[in-house]
Amino acid sequence: MVQNDDVEVKLSELKDLTLRAVCNCGFETDQAAIIAEVLLWAQVRSNSQGVIKIPAGAVAKASDAGQPVVESDSPISAHINGHKQYGMLMMQLATTHAISKASAGGIGIIGFYNTASSTGALGYFAEQIANKDLIGIVLAQSPEAVAPQGSTEAVFGTNPIAVGVPTASGAPLIIDLATSAVAWYDLVEAQAAGKPVDANVGYNSSGRPTTSPSAILEGGALQTFDRGSKGSALSLLFELLGGAWPGGAVTGKLASGNWGNLVVAIQPGVLGGVDAFKQRVSELCARVKSARPAPGVPEVLLPGERSSRLAAQRTAAGSVPISNRLLSQLRKAADALGTGQVVQQSDVQRQPGSELSLATRLTHPEFWNDDPYNATAPPMYQTSTFRQLSAVDCGPYDYTRSGNPTRTQLERQMAEIEGADRAFAFASGMAALSAVLRLCVAGDHVVAGDDLYGGTSRLLEQVAPTLGLTVSNVDTTNIAAVKAAIVPGKTKLVMLESPTNPRMQICDIKPLCALAREAGATSVVDNSILAPTFQQPLALGADICMTSATKFIGGHADLTAGILAVKGAALAQRIAFVQNAEGAFLAPFECWLALRGLQTMALRMERQATTAGLLAEFLVAHPLVRKVNFPGLPGHPGHDINVRQATSGGSLLSFETGSVEASRIIVEQTKLFKVTVSFGSVSSLISLPCYMSHASIPAALRASRGLPDDLVRISAGIEDPKDLLADLRQAMQKAVHATGENGHAPGAVGAQGTGPAKQQAVPSTAAVLAPAAALP
Ligand SMILES: N[C@@H](CCSC[C@H](N)C(=O)O)C(=O)O
């Protein structure tokens, strides 16, 4: 039936668009032909496994896909490691094998595992088997989506099963169903169309019934088709046969990327004659069709009959209805202008690394956007509550602490740019890190750096112990030191910064996160200094990336916010719980500011990084400067690692003069550099960390960690660099006049470095000014 938004499109055009769009997803033409056929088989039947999978990002070649390997083979079976090959291609391979084994030996059982992508409409494969006069049974495991009876938490996949049976009357009988109340892509379609689903279909993330597809998709759960014990039992059975048997993961399916699939083909002749069986099937079907219809029912239909009639009609007419929105997304995807994702939730595969660069994606965010007016800027939902659909159905949102559409937009965009499964917006960077600390329980141990932001240090020194946690601070530039600090079974969190704040040391993120993973600890990287523009810790193996959005994301010193980008559905669910339960979420207006800031982030950061390079070169050459900490300088000890894991040294730098007095004069005498904490603003900033951002670390601890009181930190802004250089030069000149070139009053003794040697460690001199008392 043609719905309001539907348009008729010629089948030939749809085929062409689908094929081109699938090719643009990274597949060879012959592979794309198979995938397009599977999608179109579903599309002409109005089956939800159709072309919507393209803009939803479920048609994607995994970057780590290898060749499938038959690990064991017998005349009647084959067990295949899919090596992350695309699901529909694997399913076709298994179907072909199953047919040939069953044709030769009566039965073919093909199981494959280690794939994590869509297998498409299973009926398509069951039909192929049945068309060869064989009985086909096809099962596919999928990530956690359906709650077992008595629970509201997703455990089972939607567990589709298709059975194809040959008949004497021509077309085979195809039974294709899922054990969930509705198929996953019915939810995706409903969400894209802004429509509710029926009541009793699913739960939101708090376990409350909802008719909102978004609420179910985002951390909620579907019910089984019967909402009862039989559906739950069948889900378990199909999960065991289709997933566990061929070697798929049974828990943590989404995170593991290992889903199992099963294809069985059986010659009916093994239990008597094929023709006699087909005859009996046709007789039974005829009997079903002739059963007395219930009042108001014009015709008793066999399973699959409605959809195969639709397919026949549409094929004869040469056209098919499709929603206007989906058609335009498909056209974009076919023209490789971007995939216009309908949704970006963890269970749907995203396009890996869209062809568009980050700067372009930031300016053209693919907002999840049901805005009826096509607003160019994201609408802001400045509301604390949402009217409920009914007293027992809160819909996608009920209370802004639990969720708000403006926050959803920000969190989705952050997840997309960080390559995360989900992202969460908090009221500040510290609120975000506190939520991470909540992943630990009393008795757990945390490993963190020994040069880290003052607020983080305070959290670990003064808050973590009240939660019963112990903390080891080690030099995270030293992999062996981190390894030695990890206590297997006890260390649950490894917290890194790279560059570190404020000494700009570089940690080798990849091996450090691997160490954490081996020890069963969660790794979190504070990426505030480079932000996703220059560094993406999740791609380096981190479990969580924290970015203080107060800095480069906001970019204008008018926003306080923190983002957690998280890998893995289970971890994301724990963070989602803490965000809601403890309430340190980011308010709508702040989310809106972050969304605005993101659009110009890449441009600002590129300019700021260039300027920081010029400032660093100037400082290295200045006689008053003893050491410059800037990873963009080739002489920086972590330069090579930074080049490997990031695309820039960023725009934050620090330097030592050896004299607190000289440093203070520099800071206070600049005119264009604002004396403030924080960084990443359009305006250049200058500070004395030991008296400002890091004053909460006790002086003795700072000294033991090698954080000198004379350290000056600069955040380069977007001003004309020549004005900034002139301003810094005049301020430094004043410091020279007041203290002499060695940073001390004439006659005082002080060491000086020159050139690249200044990028090496030099011990700090005693403070001339008394450091500020540590803030509580
Ligand atoms: N008084 C504040 C200091 C905030 S410092 C902010 C920023 N992360 C930076 O590094 O400059 C406090 O005590 O937290």
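Note that the structure is a prediction, hence the values are computed from the model and not measured.
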* **Test item: R401 side-chain N/O and N580 main-chain N/O as donor-acceptor pair under 3.5 Å** => yes

* Asked: Under 30°, 30 to 60°, or over 60°: which ring-plane class applies to F424 and F426, parallel, tilted or perpendicular?
  -> tilted

* Sub-3.5 Å donor-acceptor pair from the side chain of R574 to the main-chain atoms of L439, do we have one? -> yes

* To do: With rounding to the nearest 0.5 Å, note down the distance linking CD1 in I52 to CG in N47.
  => 11.5 Å

* Trace of the side chain to side chain donor-acceptor pair (under 3.5 Å) decision for E418 with Q536 -> CA-CA 6 Å; E418 295 275 16; Q536 307 212 331; 5.2 Å; no

* Any idea which heavy atoms bring S232 and T224 closest together, and the distance? -> N-CG2, 3.8 Å

* Do the non-hydrogen side-chain atoms of T119 and M90 ever get within less than 4.5 Å of each other? -> no

* To do: Supply the atom-to-atom distance M91 CE to S118 OG, rounded to the nearest 0.5 angstrom.
  => 9.5 Å

* CG-CG distance between L460 and L437, expressed to the nearest 0.5 angstrom -> 6.5 Å

* **Side-chain (D198) to main-chain (V201) donor-acceptor, under 3.5 angstrom** => no

* Could you tell me whether the side chains of H445 and T470 share a donor-acceptor contact shorter than 3.5 Å? => no

* To the nearest 0.5 Å, what is the distance between NZ (K230) and CZ (F225)? -> 9.0 Å

* To do: Assess the side chains of D6 and S323: does a donor N or O sit below 3.5 Å from an acceptor N or O?
  => no

* Any sub-3.5 Å donor-acceptor pair from S151's side-chain atoms to A147's backbone N or O? -> no

* **Between Q579 and E411, a side-chain donor and acceptor under 3.5 Å** => yes

* Could you check if a side-chain atom of F238 sits within less than 4.5 angstrom of a side-chain atom of T179, using non-hydrogen atoms only? => yes

* **Lys NZ or Arg CZ of R45 over W41 ring: under 6.0 Å, within 45°** => yes

* Asked: With distance as the sole test, does K490 use its side chain to make a donor-acceptor pair with the main-chain N or O of G443 at under 3.5 Å?
  -> yes

* Asked: Does a side-chain heavy-atom distance below 4.5 Å link L515 with V494?
  -> no

* **Contact summary for A423 and I563, nearest pair of heavy atoms** => CB-CG2, 4.4 Å

* Please walk me through it: do S214 and Q191 pass side chain to side chain donor-acceptor pair (under 3.5 Å)? -> CA-CA 6 Å; S214 306; Q191 185 191 45; 3.1 Å; yes

* **Heavy-atom closest pair, residues P532 and I417** => CG-CD1, 4.0 Å

* Could you go through the side chain to side chain donor-acceptor pair (under 3.5 Å) check for N527 and T547 one step at a time? => CA-CA 5 Å; N527 196 39; T547 308; 4.6 Å; no

* Asked: Between T400 and Y381, do the side chains contain an N or O donor and an N or O acceptor separated by less than 3.5 Å?
  -> no

* Is the CD atom of Q149 crowded by more than 12 outside heavy atoms at less than 6.0 Å? -> yes

* Is a salt bridge present between K253 and E239, judged by a nitrogen-to-oxygen distance below 4.0 Å? -> yes

* Asked: If you take all heavy atoms of V182 and L222, which pair is closest and at what distance?
  -> O-CD1, 3.5 Å

* Asked: Should V155 and V146 count as side-chain neighbours, where that means a heavy-atom distance under 4.5 Å?
  -> no

* Could you grab the distance from atom CG of N261 to atom CH2 of W245, nearest 0.5 Å is fine? => 13.0 Å

* To do: Mind running side chain to side chain contact (heavy atoms under 4.5 Å, CB included) on D526 and L496 for me, showing each step along the way?
  => CA-CA 6 Å; D526 181 337; L496 306 170; over 6 Å; no

* If you round to the nearest 0.5 Å, how far is CG of L217 from CG of N204? -> 12.0 Å

* Asked: Where is the tightest heavy-atom contact between A56 and Y185, given as atom of each residue plus distance?
  -> CB-CE2, 3.9 Å

* Got a donor-acceptor contact below 3.5 angstrom from the D421 side chain to the G568 backbone? -> yes

* Tell me yes or no: between the side chains of S528 and K551, is some donor less than 3.5 Å from an acceptor? => no

* Do any N or O atoms from the side chain of N114 and from the backbone of G82 form a donor-acceptor pair under 3.5 angstrom? -> no

* Asked: Hey, is the main chain of T385 close enough, under 3.5 Å, to the side chain of T383 for a donor-acceptor pair?
  -> yes

* Taking the side chain as every heavy atom from C-beta outward, state whether I35 and V59 have any pair of such atoms under 4.5 Å apart. => yes

* Under 3.5 Å, side chain of R422 to main-chain N/O of K567, donor-acceptor pair present? -> no

* Asked: If you look at every heavy atom in A126 and V163, which pair is closest and at what distance?
  -> CB-C, 3.9 Å

* Asked: Quick one: are Q413 and L362 in side-chain contact, heavy atoms under 4.5 Å?
  -> yes

* Asked: For F386, does the CZ atom have more than 12 heavy-atom neighbours from other residues, nucleotides or ligands under 6.0 Å away?
  -> yes

* Polar side-chain atom of T491 near backbone of V446 as donor-acceptor pair, under 3.5 Å -> no

* Evaluate the criterion side chain to side chain contact (heavy atoms under 4.5 Å, CB included) for residue pair V463 and S434; output intermediate values, then yes/no. => CA-CA 9 Å; V463 179; S434 304; over 6 Å; no

* **Test side chain to side chain contact (heavy atoms under 4.5 Å, CB included) applied to M495 and L433, step by step** => CA-CA 10 Å; M495 296 177 78; L433 282 181; 4.0 Å; yes

* Is there a side-chain contact between Q382 and T406 (heavy atoms, below 4.5 Å)? -> no

* Are S117 and T115 linked by a side-chain donor-acceptor pair shorter than 3.5 Å? -> no

* If you count the non-hydrogen atoms of other residues, nucleotides and ligands that lie under 6.0 Å from CZ in R306, is the total more than 12? -> no

* To do: For the pair L595 and Q409, evaluate side chain to side chain contact (heavy atoms under 4.5 Å, CB included) and give the outcome as yes or no after the intermediate values.
  => CA-CA 8 Å; L595 284 164; Q409 291 187 0; 3.9 Å; yes

* To do: Would you check if I322 and V51 make a side-chain contact, meaning some heavy-atom pair closer than 4.5 Å?
  => yes

